[in-house]
Chemist: 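Sharing a structure, written as structure tokens. Questions coming.
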Amino acid sequence: MPNQNPEQIARDQIDTALQRCGWAIQDKARINLQANIGVAVREFQTDIGPADYVLFVDGKPCGIIEAKREEEGHRLTFHESQSEDYSKAKLKHLDNKPLPYVYESTGEVTRFTDFNDPKPRSREVFTFHRPETFREWLKKDKTLRGRFSDLPVLPIDGLRDCQISAINNLETSFKENRPKALIQMATGSGKTFTAITSIYRLLKFSKAKRILFLVDTKNLGEQAEQEFLNYIPVDDNRKFTELYNVQRLRSSFVASDSQVCITTIQRLYSILKGTELEESAEEENPNERKWQPKEVPPIEYSEKIPIEFFDFIVIDECHRSIYNLWKQVLDYFDAFEVGLTATPDARTIAYFEQNVVSEYSHEMAVADGVNVGYDVFIIDTKITKQGATIWKGEYVEHRERLSRKKRLELQDEDETYTSQQLDKDIVNPNQIATIIKSFKENLPNIFSDRFDASGQFEVPKTLIFAKTDSHADDIIQAVRKEFAEENRFCKKITYKADDSKSVLAQFRNDFYPRIAVTVDMIATGTDVKPLECLLFMRDVKSRNYFEQMKGRGTRTIPLDDLKKVTPSAKITKDHFVIVDAIGVTKSLKTDSRPLEKKPGVPLKDLLQAVSFGAREEELFTSLANRLTRLDKQITEKEKQQFEKLSEGKTVSQVVKDLLNAFNPDTLEDLRTKVETENKGVAPVEKDEKYVALVSALQNNAAKVFTGELNEYIENVRKAHEQKIDLLNPDEVIGVGWQTDYKEKAEALINDFKQWMQEHKDELTALQIFYKQPYRRRELTYTMIKEVLEKLVATKPNLAPMNIWRCYEQLEKVTGQPKNELIALVSLLRNVTGMDTTLNDFSKTVDKNFRDWILKKNAGQHNRFTEEQMQWLRMIKDYVSTSYNIEKDDFDLSPFNAQGGLSKMWQLFGDSTETIINELNEALAA
């Protein structure tokens, strides 16, 4: 009979875990160190007493396990000195050096220390490392943590300041052995590029074995894969994928020779659970599911993917899908974790232990010109705000959601519907058409510069957010009708659209479609740089999700690239517009879904949870109850189709299997079966056999819920009808720029002026503007840049381009600055009284330059040669951003590439200094 004391139970569990990890367990009296690569010998004698376990690899000792009973789990760090003493002790008959790999374990909780690390520190691990891993580690001169010191200085060519800061701070975090780090960078600022740069350095210089790039949707995985394919490091002219093997998982097969694995957390969870996952389960991010298990079904150790399989895990959109059920996927691996997000919430920051190595907000990105800001335009309609009533006695059209089959039925009672029911239970086509018509009529006012040479208005690239696929179809029809356009003008892009990827590529790169409608596919994580307008026809309750959706419009794009898809564009994209037709900018937002809240879980989420491998009584019972109700609603033909997709099982049989999986009598029978067939076996082994039988019972009940059956269940449930309200016409009751925008704009302008006043004695450029205007010729690029950097560092929301847009809302402005520096100079000239109206300084310089050339050409046609004119134009462009030019500036771009000051002397001779002085005087006047 097995020993039942707590110490022996712990050792039984440790033995089982070691065997799963590839170790042979031997007693000291029957040692055969050649029996396996890794051998764990119990009670091996040392000069300070017997060690609980000594680990041997290839016949040589390398590690210690100090076993403790389960109650000691909270005190394992207290026992570290004991296990360290054993690791330094002399083994009987062996002249060994201190053993580097040391564990303290209860069988349930295990801590590990690698004493080869520069600063050995214990960490909790899911289980033990494999002997093959120790064999590999022992061959290396340094551990992974030791190799962080081999990271060279980061080459900054091609990197933005925010990316440089993020990578340097991340590498410092690694060197400090911090297990988790969070990179917060605004949408569009290059998070993925930053991550790949860091991954490249870790593979090349720190000799990382394998890195996981974790996403939560197939779409994000494909996008990440494309970025790896396109990435070329600065110190090598080969592509990343020519240097390292990158694998995006499409099945449970993981290539052993891959250095980078890209996968969804859903797929990785299914691999660790030993279940298959259909690709359709990767299309939506699991954070959108409302179902959360009361008890999280544990994952099991995978010999194919051991805990040390990845050295690093980079988690994209880490604010979404690494919590609750999915957290254990990350807990499984003995790896550094790096989170990427634009919108962390309190939960995200807590998970990454407040180790935020990069904080780069949207405001900072706008200030740096990495992103663009936005304005809000409101369209309010009566029915959108108030709903309507369908009156008794009217014939009302009913429409099936999927087939769109219609019929008329007499309304037998008055039915008042609210705005929340719109496009779900009730569809009012006129409400949709009214919004689209108002949107079309106001577009020329919102984008007043988008008329082509023939005077025709060109619709900017617009993305409309719809509530459902059915709602999206209704919107598309309304758009095509109201704009009097053809099919290609407006297209749908959702997970369920057959050609979604090709339409997305067209939307990004081609003239058509001008308007795209989506439910969720490009709400987050998809790059469409030419996008200039977002029309919200669905509300969003999550603050993070709303920020991510707004992020679709923040991307910058060069004017030449913008003109390829929007030919009428006259200036580079400097902002985008949110058209709010649902109240999304005013509705209450929450940071995240409360963990304990579990209201009305959609059937889709229950089905998805089961297909992902969740096994919980409440889940199975809820699903069984839903299917029982469904069985009463569907037709005989629909029941036959169900049987066809469920391996011949009827709905009631599937329900019976779900309930039986947690039936107490059934479970008791399984327990009796195990006890009868395994007399004399250790309780731990009996428990394992019982758990295996219960898992088989649950998996048998769940196996029918494939993607195909799940989709059918979801669709057949939706096939029931919506009412089409053709009786209540809608009307616009409010339209225009957000009512409080003017006040906000005025407040920001006043804050900008106040900041300038407060710093006018501190910054040289401001001293000259405010107190010594006669010294304007002394202004330099460095002086103005100093003001901009100080302003953005202390008050990023006062970035010049942002203040420029505030002026646009309040008064007439002339021109549009190309960058923050030109905007800053223009604003300074205005607030200090040099210009009575706000003018783009570069336009002022252009005009002054033309006047100066005309004056020079007076009485002498074409005084300057074409080459001289080229240099004069370069000086003019330089003055536009720096306000002044000095001789030393000719050592800078663009002059240095053309021969610098010596070339200027060659072209203009003795007139050189005179011309420089005259241009400084004339251009900035």
Chemist: What is the minimum heavy-atom distance between L766 and L828, and which atoms define it?
Modeler: CD2-CD2, 3.6 Å
Chemist: When rounded to the nearest 0.5 angstrom, what is the spacing between CG in D835 and CG in N830?
Modeler: 7.0 Å
Chemist: Are the side chains of I885 and L919 in contact, using a 4.5 Å heavy-atom criterion?
Modeler: no
Chemist: How close do F576 and K550 get, counting heavy atoms only, and between which atoms?
Modeler: CZ-O, 3.4 Å
Chemist: Give me the atom names and distance for the closest heavy-atom approach of Q767 to D761.
Modeler: NE2-O, 2.8 Å
Chemist: Applying side chain to side chain contact (heavy atoms under 4.5 Å, CB included), run through F546 and T585 and close with a yes or a no.
Modeler: CA-CA 9 Å; F546 182 49; T585 57; 4.1 Å; yes
Chemist: Looking at W755 and L763, what are the two nearest heavy atoms and their distance?
Modeler: CH2-CD1, 4.0 Å
Chemist: Show, in sequence, the C-alpha distance, side-chain angles and deciding distance for D561 and K564, and conclude whether the salt bridge (charged side-chain N to carboxylate O under 4.0 Å, His left out) test is met.
Modeler: CA-CA 5 Å; D561 291 343; K564 290 176 183 176; 3.4 Å; yes
Chemist: Can you tell me if NZ on K563 sees more than 12 non-hydrogen neighbours from other groups inside 6.0 Å?
Modeler: yes
Chemist: Ignoring hydrogens, what is the shortest heavy-atom contact between S826 and L838? Give both atom names and the distance.
Modeler: O-CD1, 3.6 Å
Chemist: Quick one: does any side-chain atom of T462 pair with a main-chain N or O of P460 as donor and acceptor, under 3.5 Å?
Modeler: yes
Chemist: Start with the C-alpha gap between R829 and T844, add the side-chain angles, then the distance that decides, and say whether side chain to side chain contact (heavy atoms under 4.5 Å, CB included) holds.
Modeler: CA-CA 11 Å; R829 288 171 63 94; T844 301; 4.1 Å; yes
Chemist: Where is the tightest heavy-atom contact between P894 and M874, given as atom of each residue plus distance?
Modeler: CG-SD, 3.9 Å
Chemist: Please answer whether the main-chain N or O of F507 pairs with a side-chain N or O of K461 as donor and acceptor at a distance below 3.5 Å.
Modeler: yes
Chemist: Taking everything shown except L892 itself, do over 12 heavy atoms lie less than 6.0 Å from its CG?
Modeler: yes
Chemist: Is any side-chain heavy atom of Q184 closer than 4.5 Å to one of T348?
Modeler: no
Chemist: Run the side chain to side chain contact (heavy atoms under 4.5 Å, CB included) test on F895 and L901 for me, step by step, so that the C-alpha distance in whole Å, both residues' side-chain angles and the decisive distance to 0.1 Å come before the verdict.
Modeler: CA-CA 8 Å; F895 308 107; L901 186 60; over 6 Å; no
Chemist: Hey, could you give me the CG/CZ distance between D510 and R508, rounded to the nearest 0.5 Å?
Modeler: 11.0 Å
Chemist: Mind running salt bridge (charged side-chain N to carboxylate O under 4.0 Å, His left out) on K847 and D851 for me, showing each step along the way?
Modeler: CA-CA 6 Å; K847 179 182 181 301; D851 291 344; 3.1 Å; yes
Chemist: Short question: side chain of N857, backbone of R863 - any donor-acceptor pair under 3.5 Å?
Modeler: yes
Chemist: Do the side chains of K903 and E867 get close enough for a salt bridge, i.e. N-O under 4.0 angstrom?
Modeler: yes
Chemist: Starting at OG1 of T832, measure out to NZ of K760 and round the result to the nearest 0.5 Å.
Modeler: 11.0 Å
Chemist: When you measure from the side chain of E532 to the backbone of V577, do you find a donor-acceptor pair of N or O atoms at a distance under 3.5 Å?
Modeler: no
Chemist: Examine distances only and state if a side-chain atom of T172 and a backbone atom of N168 form a donor-acceptor pair shorter than 3.5 Å.
Modeler: yes
Chemist: Under 3.5 Å, is there a donor-acceptor pair between the T343 and D345 side chains?
Modeler: no
Chemist: How about N230 and F240: do any of their side-chain heavy atoms sit closer than 4.5 Å?
Modeler: no
Chemist: Should the heavy atoms of other residues, nucleotides or ligands under 6.0 Å from CG of D910 be counted, would the total exceed 12?
Modeler: no
Chemist: How far does CG of D889 sit from NZ of K887, to the nearest 0.5 angstrom?
Modeler: 12.0 Å
Chemist: Less than 4.5 Å apart, side chain to side chain, heavy atoms only: is that true for V370 and R160?
Modeler: yes
Chemist: Go through it in stages, so that I can follow the logic: the residues are N839 and T837, the test is side-chain hydrogen bond (donor to acceptor under 3.5 Å, both in side chains), and I'd like the CA-CA distance, side-chain angles, deciding distance and then a yes or no.
Modeler: CA-CA 6 Å; N839 304 311; T837 59; 3.3 Å; yes
Chemist: Give me the ring orientation class for F447 and H575: parallel if the planes are under 30° apart, tilted from 30 to 60°, perpendicular past 60°.
Modeler: parallel
Chemist: Would you say R514 and T566 are linked by a side-chain donor-acceptor pair, where the criterion is simply a distance under 3.5 Å?
Modeler: yes
Chemist: I'd like to know if K795 and E758 make a salt bridge, using a cut-off of under 4.0 Å between side-chain N and carboxylate O.
Modeler: no
Chemist: Determine, using ring centers only, whether Y878 and F890 are less than 6.0 Å apart.
Modeler: no
Chemist: Between S880 and D877, is any side-chain donor less than 3.5 angstrom from a side-chain acceptor?
Modeler: no
Chemist: If the test is side-chain contact (heavy atoms from CB on, under 4.5 Å), which one of I803, L798, I749 qualifies with L827?
Modeler: I803
Chemist: Measure the spacing between CD of Q868 and CD of Q906 and express it to the nearest 0.5 Å.
Modeler: 10.5 Å
Chemist: Go through the steps to decide whether N371 and H362 satisfy the test side chain to side chain contact (heavy atoms under 4.5 Å, CB included), and finish with yes or no.
Modeler: CA-CA 7 Å; N371 280 352; H362 171 69; 3.8 Å; yes
Chemist: Do the side chain of K753 and the main chain of D751 share a donor and acceptor less than 3.5 angstrom apart?
Modeler: no
Chemist: Would you call K204 and D235 a salt bridge, using N to O less than 4.0 angstrom?
Modeler: yes
Chemist: Considering only NZ, NE, NH1 and NH2 on the basic side and carboxylate oxygens on the acidic side, decide whether E317 and K191 come within less than 4.0 Å.
Modeler: no
Chemist: Side-chain donor-acceptor pair under 3.5 Å between D161 and Y360, yes or no?
Modeler: no
Chemist: Working to the nearest 0.5 angstrom, can you tell me the gap between L562 CG and S568 OG?
Modeler: 8.5 Å
Chemist: Is a side-chain donor-acceptor pair under 3.5 Å present for E918 with W852?
Modeler: yes
Chemist: Decide yes or no for P152 and R201: does some side-chain heavy atom of the first lie under 4.5 Å from some side-chain heavy atom of the second?
Modeler: yes
Chemist: Does NZ belonging to K529 count more than 12 external heavy atoms closer than 6.0 Å?
Modeler: no
Chemist: Do the non-hydrogen side-chain atoms of L791 and P800 ever get within less than 4.5 Å of each other?
Modeler: yes
Chemist: Does the side chain of F908 come within less than 4.5 Å of I916's, by heavy atoms?
Modeler: no
Chemist: So do the side chains of F148 and E171 get within less than 4.5 Å of each other, counting heavy atoms only?
Modeler: no
